[in-house]
Structures are given as structure tokens and as C-alpha cells.
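What follows is a set of notes on a single structure, which appears directly below.
Numbers here are sequence positions counted from 1.
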Amino acid sequence: MKKIILLTSGLLLVLSSLLQSRELSPSLSIRYEDFINNLTPNAAIGLRLEIDEDRYTGFEVNSDGSDTRLLMGWNWGLIGIGSLTNDAGTFPHYTFGVSYEILDGLNSNFEYVMTPDETAGVADHLRLALSINF
């Protein structure tokens with residue numbers, strides 16, 4: 001029993017030191033999916049973990065839960081890997097693009113979004129987003 005308590009305490013100590021040295025912040029995005037053909041906005045929320053001054057990772061989900069993705073970014077680049085869920089099922093979903101920091105904590109993102117499975121009924125498109133990191 002003592003070994004389990006010591007192991008758990010040690011693990012919690014290591015995890016707390018790792019989280020203390022990195023910045024974990026919530027994010028809120030206003031996204032325009034396929035903004036060339038349709039200017040209807042939707043919202044997305046997520047978490048962003050700063051790795052260093054140039055790199056970050058995190059996840060994001062839109063307001064109805066149909067688009068979830070893991071994010072990886074560095075300097076001005078952004079890659080997302082996730083899933084898209086609609087009436088036809090759940091499909092892989094990939095994004096890549098650029099991010100520009102307008103103000104401290106305010107970014108504009110321009111991404112190419114692709115769902116390689118044609119049965120998803122979603123054509124490749126461009127996404128424009130304004131993201132706030134708290």
C-alpha cells in the first residue's frame with residue numbers, strides 16, 4: 001500500500017512540475033467554414049498548451065461537437081488532425097494553414113480543410129477563423 005501511495009505522490013509531483021512550467025490556456029474561435037461560398041459563422045472552444053515561444057499543441061471542438069481536432073502549431077504554421085461527424089457517419093478530417101498573431105492572444109487563422117472520404121459529403125474548402133487565447 002505504501003508503494004502505491006509513494007508512486008502516486010511521485011507521479012503527481014512530476015505532472016505538477018511539468019504543468020507549472022508550461023502555459024495551458026483556453027481558447028475561443030469564431031470560424032467561417034467555406035467562407036467563399038457561405039459566410040455563416042460558428043464557434044469553437046479548446047485548450048492550447050504552449051511548448052515554447054514558437055510551438056504549441058492543443059485541441060479544439062466546434063459548438064455542435066461535429067468537428068473535433070488536435071492542433072499542432074509553430075511560428076506561423078498550423079496543422080489539425082481530427083474527425084468530422086455528420087448524418088453519414090464519422091470521417092477523418094485534416095487541416096493545414098497559417099496563423100497570424102494580430103495582438104497578444106488574438107490570432108487570425110487561414111486553413112485548407114479536407115475530408116478525404118467522398119462519402120462524407122463535405123468538399124475540401126477554406127476556413128477563416130479569429131481565435132482568442134486567454
Side-chain angles (χ1 to χ4, degrees):
M1 186 67 168
K2 287 184 180 182
K3 288 181 182 180
I4 293 174
I5 293 172
L6 287 174
L7 183 61
T8 305
S9 299
L11 184 60
L12 287 173
L13 181 63
V14 169
L15 286 174
S16 66
S17 67
L18 285 174
L19 287 175
Q20 193 175 33
S21 63
R22 308 235 192 290
E23 184 177 327
L24 183 65
S25 60
S27 67
L28 174 65
S29 298
I30 305 293
R31 299 197 279 187
Y32 295 93
E33 294 287 338
D34 197 8
F35 71 95
I36 294 174
N37 298 319
N38 184 5
L39 275 176
T40 305
N42 77 25
I45 59 171
L47 282 176
R48 183 171 162 161
L49 175 67
E50 299 291 333
I51 297 171
D52 58 26
E53 290 181 9
D54 295 332
R55 296 176 293 166
Y56 64 90
T57 187
F59 74 91
E60 192 174 64
V61 61
N62 70 348
S63 57
D64 65 2
S66 64
D67 180 1
T68 60
R69 64 184 179 150
L70 295 173
L71 297 172
M72 297 161 280
W74 63 99
N75 288 336
W76 51 269
L78 176 66
I79 296 174
I81 300 171
S83 66
L84 176 68
T85 304
N86 60 20
D87 294 336
T90 301
F91 304 95
H93 192 56
Y94 308 103
T95 64
F96 59 92
V98 295
S99 180
Y100 178 74
E101 188 171 33
I102 300 169
L103 297 170
D104 189 27
L106 179 65
N107 294 327
S108 99
N109 302 329
F110 183 70
E111 300 172 273
Y112 180 74
V113 180
M114 59 190 250
T115 306
D117 194 340
E118 293 179 9
T119 60
V122 178
D124 296 353
H125 60 275
L126 297 174
R127 173 190 292 161
L128 182 64
L130 190 62
S131 177
I132 302 168
N133 300 309
F134 297 97

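Side-chain atoms of R48 and N107, non-hydrogen and from C-beta on, do get closer than 4.5 Å to each other. The side-chain heavy atoms of T57 and L70, taken from C-beta on, include no pair separated by under 4.5 Å. Looking only at side-chain heavy atoms (C-beta outward), R31 and D67 come within less than 4.5 Å of each other.
When the ring-ring contact (aromatic ring centres under 6.0 Å, His included) test is applied to Y32, no partner is found at least two apart in sequence or on another chain.
Applying the ring-ring contact (aromatic ring centres under 6.0 Å, His included) test to every pair with at least one member in residues 49-95, sequence neighbours left out, gives no pairs at all.
Contact detail for P92 and P116: the closest heavy-atom pair is O-CD, 3.7 Å. The two atoms that bring N109 and S99 nearest to each other are OD1-OG, 2.7 Å, heavy atoms only. When all heavy atoms of L71 and G80 are compared, the closest pair comes out as CD2-CA, 4.3 Å. Counting all heavy atoms, side chain and backbone alike, A88 lies closest to T119 at CB-O, 3.7 Å.
How far CZ of R69 is from CG of L84: 12.0 Å, rounded to the nearest 0.5 Å. Summarising the geometry, atom CG belonging to L128 is positioned 11.5 Å from atom CG belonging to D34; distances are rounded to the nearest 0.5 Å. Taken from CD1 in I51 to CD in E23, the straight-line distance is 13.0 Å, to the nearest 0.5 Å. Remark: L24 CG to L49 CG distance equals 6.0 Å, nearest 0.5 Å.
Annotation for F134: hydrophobic cluster partners, listed by chain and number, are L28, I45, V61, Y100, I102, L103, L106, L130, I132 (ILVMFWY side-chain heavy atoms under 4.5 Å, direct or chained).
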Steps toward side-chain hydrogen bond (donor to acceptor under 3.5 Å, both in side chains) verdict (R127, T95) = CA-CA 9 Å; R127 173 190 292 161; T95 64; 5.0 Å; no

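F35 and F110 have perpendicular rings, their planes meeting at more than 60° on a 0 to 90° scale where under 30° would count as parallel.
A donor and an acceptor atom, one from each side chain of S66 and T85, are nowhere located under 3.5 Å apart.
Tracing side-chain contacts under 4.5 Å through hydrophobic residues (I, L, V, M, F, W, Y), one never reaches L78 starting from Y112; they form parts of separate clusters. Both I30 and I36 belong to a common hydrophobic cluster when Ile, Leu, Val, Met, Phe, Trp and Tyr are linked at side-chain heavy-atom distances under 4.5 angstrom.
Between the side chain of N86 and the backbone N or O of A120, at least one donor-acceptor pair lies under 3.5 Å.
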